[in-house]
Asker: 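Can you read through this structure? Questions will come right after.
Predicted model, so just to flag it, every value in this text is computed and none were measured. Each chain gets a letter, A, B and so on, in the order its sequence line appears, and its residues count up from 1.
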2 protein chains.
Amino acid sequence: MKTKPEFKRSACAIANTLDILGDKWTLLVVRDLYLGKKTYSEFQNSAEKIPSNILAERLKRLQSAGIISKQSYQQRPVRYAYQLTEKGEALAPVLKEMVIWGNKFIPDTISMERVEKLLARQKRQKLT
Amino acid sequence: MKTKPEFKRSACAIANTLDILGDKWTLLVVRDLYLGKKTYSEFQNSAEKIPSNILAERLKRLQSAGIISKQSYQQRPVRYAYQLTEKGEALAPVLKEMVIWGNKFIPDTISMERVEKLLARQKRQKLT
DNA sequence: TTAGTTACTTTAAAAATGCAAGTTATGAAT
DNA sequence: ATTCATAACTTGCATTTTTAAAGTAACTAA
């Protein structure tokens with residue numbers, strides 16, 4: 001028997017990438033993971049305020065696509081941490097190019113580094 | 001008076017980029033332009049078979065976002081050609097990284113170069 | 001016992017998408 | 001002159017997806 005490629009729309013790498021990541025929210029979850037966020041509530045608390053049901057659905061899809069994995073990091077009560085797989089980490093260049101493009105062509109947008117700094121400052125203030 | 005940034009969701013460059021490009025079709029139109037396609041019917045004839053109303057809407061949005069421009073290249077009958085602006089051309093690295101990622105992690109997807117070769121061959125066969 | 005947190009699920013309404021068919025302008029073929 | 005064909009869209013309608021809001025389960029701390 002032949003192994004059937006079975007593409008959703010075409011064999012194009014871009015089209016197939018968009019079938020996984022092509023919406024307004026999925027790459028923001030990947031971004032958050034890239035910035036060190038790990039839990040459901042951390043994703044929910046990001047500036048864009050992703051709806052809860054969308055977040056749950058996207059986490060499932062990212063998992064079944066092999067881009068993230070989930071593990072419980074404590075029992076009683078059980079709590080979960082998500083993390084990027086190698087496949088997920090490999091999306092960094094896509095995100096980086098989006099930041100470069102956005103910074104250059106959309107006024108007043110901030111870079112990942114800037115976001116990281118803001119996050120770090122927030123974290124410090126929370127701790128003190 | 002202050003100039004108001006007025007972001008749709010946040011100041012994040014990725015979020016703002018996704019507000020423009022974050023769906024399953026928009027970047028395929030950009031890809032087609034990048035591969036040398038110019039007209040409405042050429043976009044429609046691409047492998048993914050974008051619905052006609054979606055294509056019309058996306059072309060309008062890409063225009064008002066300053067990513068593409070439109071011009072009539074002949075009268076009687078009037079025919080239109082779309083082209084990438086500088087802002088649109090600058091999306092090439094995003095597309096390239098998507099191709100690299102797709103090729104590495106989604107089995108049997110083909111690269112832009114491969115697509116270009118296939119297109120060139122098709123063109124040659126049509127001409128002879 | 002009451003309030004709070006985490007990680008979701010459910011519900012109903014609103015918006016976007018997909019499919020098919022229709023429109024306008026024109027030129028080419030019979 | 002009439003029919004056929006093409007380019008570039010538009011319209012109508014059913015289906016799917018998104019959104020906001022509220023609800024649930026399992027705990028912990030006061």
Side-chain angles (χ1 to χ4, degrees), chain A residues 7-10 15-16 18-29 32-33 36-65 68-83 122-123 126-127, chain B residues 7-10 15-16 18-30 32-33 36-65 68-83 122-123 126:
Chain A
F7 294 114
K8 278 172 279 290
R9 296 192 292 181
S10 76
N16 280 274
L18 291 175
D19 283 337
I20 301 173
L21 305 169
D23 69 88
K24 294 208 180 335
W25 294 109
T26 303
L27 280 176
L28 294 185
V29 176
D32 282 353
L33 284 158
K37 299 188 182 187
K38 292 166 176 19
T39 67
Y40 195 94
S41 53
E42 283 176 316
F43 304 143
Q44 270 191 302
N45 290 335
S46 288
E48 295 84 8
K49 293 286 167 284
I50 183 169
S52 183
N53 53 348
I54 302 278
L55 174 56
E57 198 266 345
R58 292 301 192 278
L59 288 170
K60 270 175 203 153
R61 286 189 31 207
L62 284 169
Q63 260 190 99
S64 60
I68 67 176
S69 62
K70 180 188 183 177
Q71 61 182 87
S72 63
Y73 64 89
Q74 69 163 50
Q75 299 297 326
R76 357 220 69 245
V78 63
R79 289 292 131 85
Y80 301 100
Y82 293 88
Q83 58 204 316
Q122 281 167 9
K123 225 170 241 176
K126 216 171 270 180
L127 289 172
Chain B
F7 293 114
K8 279 172 279 289
R9 296 193 292 182
S10 76
N16 281 274
L18 292 174
D19 282 336
I20 302 172
L21 305 169
D23 69 87
K24 293 208 181 333
W25 294 109
T26 304
L27 280 176
L28 294 185
V29 176
V30 176
D32 280 354
L33 283 159
K37 300 189 182 185
K38 292 167 178 18
T39 66
Y40 195 94
S41 54
E42 280 176 317
F43 305 142
Q44 271 191 304
N45 289 335
S46 288
E48 295 84 8
K49 293 286 166 282
I50 184 170
S52 183
N53 53 345
I54 304 277
L55 174 57
E57 198 267 345
R58 292 303 191 277
L59 288 170
K60 271 173 201 156
R61 285 189 32 207
L62 284 170
Q63 260 191 100
S64 58
I68 67 175
S69 62
K70 179 188 183 177
Q71 62 184 86
S72 65
Y73 64 89
Q74 68 162 54
Q75 299 300 326
R76 357 219 68 244
V78 62
R79 289 291 132 83
Y80 300 101
Y82 293 89
Q83 57 203 317
Q122 281 167 10
K123 223 169 245 179
K126 213 169 273 181

Asker: Check whether any side-chain heavy atom of Leu18(B) sits under 4.5 Å from a side-chain heavy atom of Trp25(A), and report yes or no.
Answerer: no

Asker: Check nucleotides 2-8 of chain D for protein N or O atoms closer than 3.5 Å to its own N or O atoms and list the pairs.
Answerer:
| from | atom 1 | to | atom 2 | distance (Å) |
| --- | --- | --- | --- | --- |
| dA7(D) | O4' | Arg79(B) | NE | 3.4 |
| dA7(D) | O4' | Arg79(B) | NH1 | 3.4 |
| dA7(D) | O4' | Arg79(B) | NH2 | 3.2 |
| dA7(D) | O3' | Arg79(B) | NE | 3.3 |
| dA8(D) | OP1 | Tyr80(B) | N | 3.3 |
| dA8(D) | OP1 | Tyr80(B) | O | 3.2 |
| dA8(D) | OP2 | Ser41(B) | N | 3.2 |
| dA8(D) | OP2 | Ser41(B) | OG | 3.1 |

Asker: What parts of residues 22-29 of chain B reach DNA chain D, counting only heavy atoms under 4.0 Å away?
Answerer: none

Asker: Atom OG1 of Thr39(A) and atom CG of Asn45(A): how far apart are they, to the nearest 0.5 Å?
Answerer: 8.0 Å

Asker: Residues two or more places apart in sequence or in another chain: which of them pass side-chain hydrogen bond (donor to acceptor under 3.5 Å, both in side chains) with Tyr40(B)?
Answerer: Ser52(B)

Asker: If you measure from OG on Ser41(B) to CG on Leu55(B), what distance do you get to the nearest 0.5 Å?
Answerer: 9.5 Å

Asker: Residues from residues 54-63 of chain B sitting under 4.0 Å of DNA chain C, heavy atoms only?
Answerer: Ile54(B), Arg58(B)

Asker: List in chain and number order the residues that pass side-chain contact (heavy atoms from CB on, under 4.5 Å) with Ala81(B), two or more places apart in sequence or in another chain; answer none if no residue qualifies.
Answerer: Lys38(B), Tyr73(B)

Asker: Heavy atoms of chain B, cut-off under 4.0 Å: which first and last nucleotide of DNA chain C, 5' to 3', fall inside that, if you could look?
Answerer: dT17(C) to dG27(C)

Asker: Tabulated below should be each protein N or O lying under 3.5 Å from an N or O of nucleotides 28-30 of chain D; please produce it.
Answerer:
| from | atom 1 | to | atom 2 | distance (Å) |
| --- | --- | --- | --- | --- |
| dT28(D) | OP1 | Arg76(A) | O | 3.1 |

Asker: To the nearest 0.5 Å, what is the distance between CG on Leu62(B) and CD1 on Ile20(B)?
Answerer: 9.0 Å

Asker: Evaluate the side-chain proximity of Lys24(B) to Glu48(B): yes if any heavy-atom separation is below 4.5 Å, no if none is.
Answerer: no

Asker: I'd like to check the side-chain hydrogen bond (donor to acceptor under 3.5 Å, both in side chains) partners of Asp23(A); sequence neighbours left out, ordered by chain and number.
Answerer: Thr26(A), Arg58(A)

Asker: Holding to side-chain contact (heavy atoms from CB on, under 4.5 Å), I want the full list of residues that pass it with Lys60(A), two or more places apart in sequence or in another chain.
Answerer: none

Asker: Could you tell me if the side chain of Leu59(A) sits less than 4.5 Å from the side chain of Lys70(A), heavy atoms only?
Answerer: no

Asker: Among residues at least two apart in sequence or on other chains, which ones pass side-chain hydrogen bond (donor to acceptor under 3.5 Å, both in side chains) with Ser72(A)?
Answerer: Gln75(A)

Asker: Starting from the C-alpha separation in whole Å, work towards a yes-or-no answer on side-chain contact (heavy atoms from CB on, under 4.5 Å) for Leu28(B) and Ile50(B).
Answerer: CA-CA 9 Å; Leu28(B) 294 185; Ile50(B) 184 170; over 6 Å; no

Asker: Locate the shortest heavy-atom distance separating Asp32(A) from Ser46(A); write the atom from each residue and the value.
Answerer: OD2-OG, 2.6 Å

Asker: Check side-chain hydrogen bond (donor to acceptor under 3.5 Å, both in side chains) between Gln44(A) and all other residues, then give those that pass, not counting sequence neighbours.
Answerer: none

Asker: Among all residues two or more places apart in sequence or in another chain, which pass the side-chain contact (heavy atoms from CB on, under 4.5 Å) test with Gln74(B)?
Answerer: Pro77(B), Arg79(B)

